[in-house]
Number of protein chains: 2
Amino acid sequence: MPAQKLKKTRANSTLSDVAKAAGVSASTASRALNGLAQKYRISETTERLVKESAERLGFRPSQVARSLRLQRTGLLGIVVPDLANPFFSAIAREVTVAAELGGFSAILADSGGSVKKERELIDQLQARHVESLVVCPVGLEFDHLAGAMQRGLPLVAVDRCQANSSLVQVTSDHLAGAKLAMQLLLENGHRRIGVLQGLPGTLPTELRRQGVRETLAQAGIPFDPQLVAGDQFSEQAGYHSARELLTTSPDLTALFAMSTPNAFGACRAASELGLRIPQDLSLLCFDDVAFVEFMKVPLTTIAQDVPELGRRAAKLVTEQMQTGNPPRKKMHKIPVKLMSRASVGKVPS
Amino acid sequence: MPAQKLKKTRANSTLSDVAKAAGVSASTASRALNGLAQKYRISETTERLVKESAERLGFRPSQVARSLRLQRTGLLGIVVPDLANPFFSAIAREVTVAAELGGFSAILADSGGSVKKERELIDQLQARHVESLVVCPVGLEFDHLAGAMQRGLPLVAVDRCQANSSLVQVTSDHLAGAKLAMQLLLENGHRRIGVLQGLPGTLPTELRRQGVRETLAQAGIPFDPQLVAGDQFSEQAGYHSARELLTTSPDLTALFAMSTPNAFGACRAASELGLRIPQDLSLLCFDDVAFVEFMKVPLTTIAQDVPELGRRAAKLVTEQMQTGNPPRKKMHKIPVKLMSRASVGKVPS
DNA sequence: GTGAAAGCGCTAACAA
DNA sequence: TTGTTAGCGCTTTCAC
């Protein structure tokens, strides 16, 4: 611990200070302050005396000592890849609020998108004896999560899940979302559709791609892997992949972006290439943010219910803590919704 | 603590388990594991033996016990009014990352904009013996912050500060920002300028209003309090105040919004009233978000350096922990920047 | 080179 | 109705 050398926390007054001030033993003081006066038939005088002394000394029971004694920390851990990303901060918020409601405090950690950091953080959190863990994994490795779970730690993974896993997971219905998106494009007559994808190897990306393929297959349209580009959820990546697709395949009439930033990048590329949306190019993206309504061309999106992802995760860890067992149902899919706006139009005939 | 009744944390293997497995005493095991083998001249054999045993048992030293013994928790607290707000989550992120870098873990708490909740949370965090505290106060009361500081807790307040306070504070240069905004509008010939303000009584709002008044005064333009409306930083509030101002004072040619959501609300109101931006109405707002570039009319903004607010706060608490003293300089102003885009135009002549 | 013992602040069995 | 005692898991004197 690099924090080693620093100055120690100023000592507060302790329970025994209070006891001394009130002229009673530590146990009596403890009982009086914890509302056990009834149960132990402590005299009203004593109780009041103790409480007054505590008040006067500004006594705050040390949660550290309490945790050690009770073997319960009242701590819940959250790990996200990037707290500055509204998607993750919304999840973090819901979990934090739920935790506070349940009398827990939330330790929040930012893995910065690195699996290595994620491992370290999860280790640290276990050392701190968090009583449960909500993690939005970077999404490429899961053994450390499984490990923590096997040690008996209630854990739920959110968003970037793992297929066929014993982990408790909650994520949006990416498959259905991608199908919804593609169906809308097909209904509007589009046949050559480009896909701007996110981080490959993560379940959201893979499932969405599967949705694309299945919808095309059902419509009897061959899937052209040439029309898929990109490897990140960022604006930059969206821009470059869009430019690439639009120049190598000028017959494209629509673009399906896997994230809002990807779509913004696509907008930029389109405007540089002199393509108007939706007249020359339809655009549709996964994820919905408040701002898209105010865009030049309001974006049609597949909206995830982000707060619900967080709430469900919180509910699942809470239940595990209460029952002591992981839920029977492992994979929790949260429905998505098509938000139809102006960026998708009929294919130019 | 409502969390009382739940199941206790599964016990991990402890130091004495490791010691037993290695056939040494707890003290030796502790020293070997903490890299004090040199200092205590522990034999290499013993050291390796201990480390192997620890490894084999999956030993993770209990931070709880450690904290109690060392009187140091390695915990830092962060309190924000709304983690779902990108402004605060960006700050939280910077502080969290800085904390992790310094070997600390961050406990994050969401006050939901309630002073009462804020008080409770700060109490809880002190009971948990956080070693320092970064808080984005709701902004209307500060005594509990001053109190925590006087107990010797390194504390810095971010954003919603208090004038003439002994608190260590970091906030944007709201006054300069508002002046920048007003100057731009004046340069473009605007004389009747409406102001959509945020939560009254908070320093950001008050300072920005002051900036408005001073700039007008300097230009010899009378300040008309009728042209100020609003009481929140939300889209709703912006919409209603904008409608109100634009209908009661149809001679307005520009609107200065104190937040991005306020500005979005104003956009909605303007479009409903058939006012085009910037031809009929110029619009300018405080705060810059990535999205404004993609708006129908890209917004001219006063950009706060939000990450820097967080980083500076983190630096200030860290220094306080190291030196044990609050910094001499109390108020830290972070510069703002004018981002000129399309939403401000010449006044129609 | 290593161990025994004390103690961080609290709670809970047991005793009175 | 209250006090004594032990112990949560760890570090650190002090002793050998």
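So that the names make sense, note that chain A is the first sequence line, chain B the second, and so on, each numbered from 1.
The two residues B/E131 and B/P154 make their nearest non-hydrogen contact at O-CD, 3.3 Å. The shortest non-hydrogen separation linking A/L309 to A/F87 is CD1-CZ, 3.8 Å. Smallest separation of non-hydrogen atoms from B/S13 and B/L57: OG-O, 3.1 Å.
With the nearest nucleotide of DNA chain C identified for both B/A65 and B/G23, B/G23 has the one nearer the 5' end.
Among the candidates A/L83, A/T96, A/L108, A/V80, the single residue satisfying the side-chain contact (heavy atoms from CB on, under 4.5 Å) test with A/S89 is A/L83.
If you take OH of B/Y40 and P of C/dT2, they are 13 Å apart, rounded to a whole angstrom. C/dT11 atom C1' lies 11 Å from atom NZ of A/K39, rounded to whole Å. Rounding to whole angstrom units, CG of residue A/L36 and P of D/dT2 are separated by 14 Å. Across the protein-nucleic acid pair, B/R69 atom CZ and D/dT11 atom C1' stand 4 Å apart, rounded to whole Å. Look at CZ on B/R72: it is 13 Å from P on D/dT11, rounded to the nearest Å. Separating the CG atom of B/L68 from the C1' atom of C/dA6 is a distance of 13 Å, rounded to the nearest angstrom. The interatomic distance linking B/Q63 (CD) with D/dT11 (C1') rounds to 13 Å, in whole Å. We find that CG of A/L70 is positioned 14 Å from C1' of D/dG9, with the value rounded to whole Å.
Taking only distance into account, the side chain of A/S30 never meets the base of C/dA12 through a donor-acceptor pair shorter than 3.5 Å.
Nearest to the side chain of B/N34, among D/dT11, C/dT11, C/dC8, sits D/dT11. Candidate nucleotides D/dC10, D/dT13, D/dT2 were compared by shortest atom distance to the side chain of B/S62, and D/dC10 ranks first. The side chain of A/L15 has C/dT11 as its nearest neighbour among D/dT4, C/dT11, D/dG9. Taking every side-chain heavy atom of B/T28 into account, C/dG3 is the closest of C/dG3, C/dA12, D/dT11.
Of the side-chain N and O atoms in B/S27, none sit less than 4.0 angstrom from OP1 or OP2 of C/dA4. Not one side-chain nitrogen or oxygen of B/R31 sits closer than 4.0 Å to the OP1 or OP2 atom of D/dT12. Contact annotation: B/R41 reaches the phosphate of C/dG1 (side-chain N/O to OP1 or OP2, under 4.0 Å). Remark: A/Q71 is not in phosphate contact with D/dG7, judged by side-chain N or O atoms under 4.0 Å from OP1 or OP2. Contact check, B/S16 against D/dC10: no side-chain N or O comes under 4.0 Å of OP1 or OP2. Regarding contacts with the backbone of C/dG3, a side-chain N or O of B/S25 is found under 4.0 angstrom from either OP1 or OP2. Contact annotation: B/T46 side-chain N/O to C/dG1 OP1/OP2 distance is not under 4.0 Å.
Using a cutoff of 4.0 Å between basic side-chain nitrogens and carboxylate oxygens, A/E308 and A/R311 are scored as salt-bridged.
B/H332 and B/Q169 form no side-chain donor-acceptor contact under 3.5 Å, judged by distance and modelled atom types alone.
As judged by a 4.0 angstrom heavy-atom cut-off over every strand, B/S67 is placed among residues making no nucleic acid contact. Residue B/I42 is in sugar-phosphate contact alone, with no base atom involved, counting any heavy-atom pair closer than 4.0 Å across all strands shown. In this structure, A/V24 reaches the sugar-phosphate backbone alone: every heavy-atom distance under 4.0 Å involves primed, P, OP1 or OP2 atoms, never a base.
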